[in-house]
Amino acid sequence: MIRHILFNRWKPGTPPEAIDTIFEKLSDFPQRFPEIKKMELHRDAGLNNPRGRMKNYDFAIVLDFDTEANFQQYMGREHHHEVVATYIKPHQEEAARIQFLVD
């Protein structure tokens, strides 16, 4: 199984309504894209250490796929690209992602 995790940090001043819209737009992805085996959406719990040098990300999406081909199919989907370009990118300050094998 392939697990894909995306972490996102919002630009300062991003309105809560914009973030709510992003969660709404992402919520139907498992029904829209049958290659997604499992999806989780998370907001940061706000437990960042104020004295630490590392700042938490604001949002994470965790997606599981049975195969690498399923992951590649999802990554090529036009609707996926439209949601990212229209709703996420305008508010994105920074992002990081990783894919790894899960037994």
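The CG atom of L41 sits 8.0 Å away from atom CG of L63, with the distance rounded to the nearest 0.5 Å. With rounding to the nearest 0.5 Å, the separation of CZ in F65 from CZ in F71 is 6.5 Å. The structure places CE of M39 at 5.0 Å from CD1 of I61, a figure rounded to the nearest 0.5 Å. To the nearest 0.5 Å, atoms CD1 (I2) and CD (Q72) are separated by 9.0 Å. If you take OG1 on T67 and CE on M1, they are separated by 12.0 Å, rounding to the nearest 0.5 Å.
The two atoms that bring P90 and A85 nearest to each other are CD-O, 3.4 Å, heavy atoms only. The shortest heavy-atom contact between G46 and D44 is N-OD2, 3.0 Å.
Among residue pairs with one or both ends in residues 79-92, none qualify as salt bridge (charged side-chain N to carboxylate O under 4.0 Å, His left out); sequence neighbours excluded. Annotation: ring pair (Phe, Tyr, Trp, His ring centres under 6.0 Å) contacts involving residues 10-46, sequence neighbours excluded, comprise W10-F59, F23-F59, F29-F33, F29-H79, F33-Y74. Applying the ring pair (Phe, Tyr, Trp, His ring centres under 6.0 Å) rule to pairs touching residues 82-103 yields nothing, sequence neighbours excluded. Among residue pairs with one or both ends in residues 8-22, those qualifying as salt bridge (charged side-chain N to carboxylate O under 4.0 Å, His left out) are R9-E94, D20-R43; sequence neighbours excluded.
If you chain together hydrophobic residues whose side chains sit under 4.5 Å apart, I36 and V84 fall into the same group. When hydrophobic clusters are built by joining Ile, Leu, Val, Met, Phe, Trp and Tyr residues whose side-chain heavy atoms come closer than 4.5 Å, directly or via intermediates, V62 is grouped together with I98. There is a path of hydrophobic side-chain contacts, each under 4.5 Å, that joins V102 to I5.
No option in Q73, H81, M75 other than Q73 meets the side chain to side chain contact (heavy atoms under 4.5 Å, CB included) test with R77.
The shortest side-chain heavy-atom distance between E93 and P12 falls under the 4.5 Å cut-off.
In terms of the side chain to side chain contact (heavy atoms under 4.5 Å, CB included) criterion, residue partners of D66 (sequence neighbours excluded) are, by chain and number, K37, N70. Every residue meeting the side chain to side chain contact (heavy atoms under 4.5 Å, CB included) condition with A95, not counting sequence neighbours, appears here in chain and number order: L6, N8, Q92.
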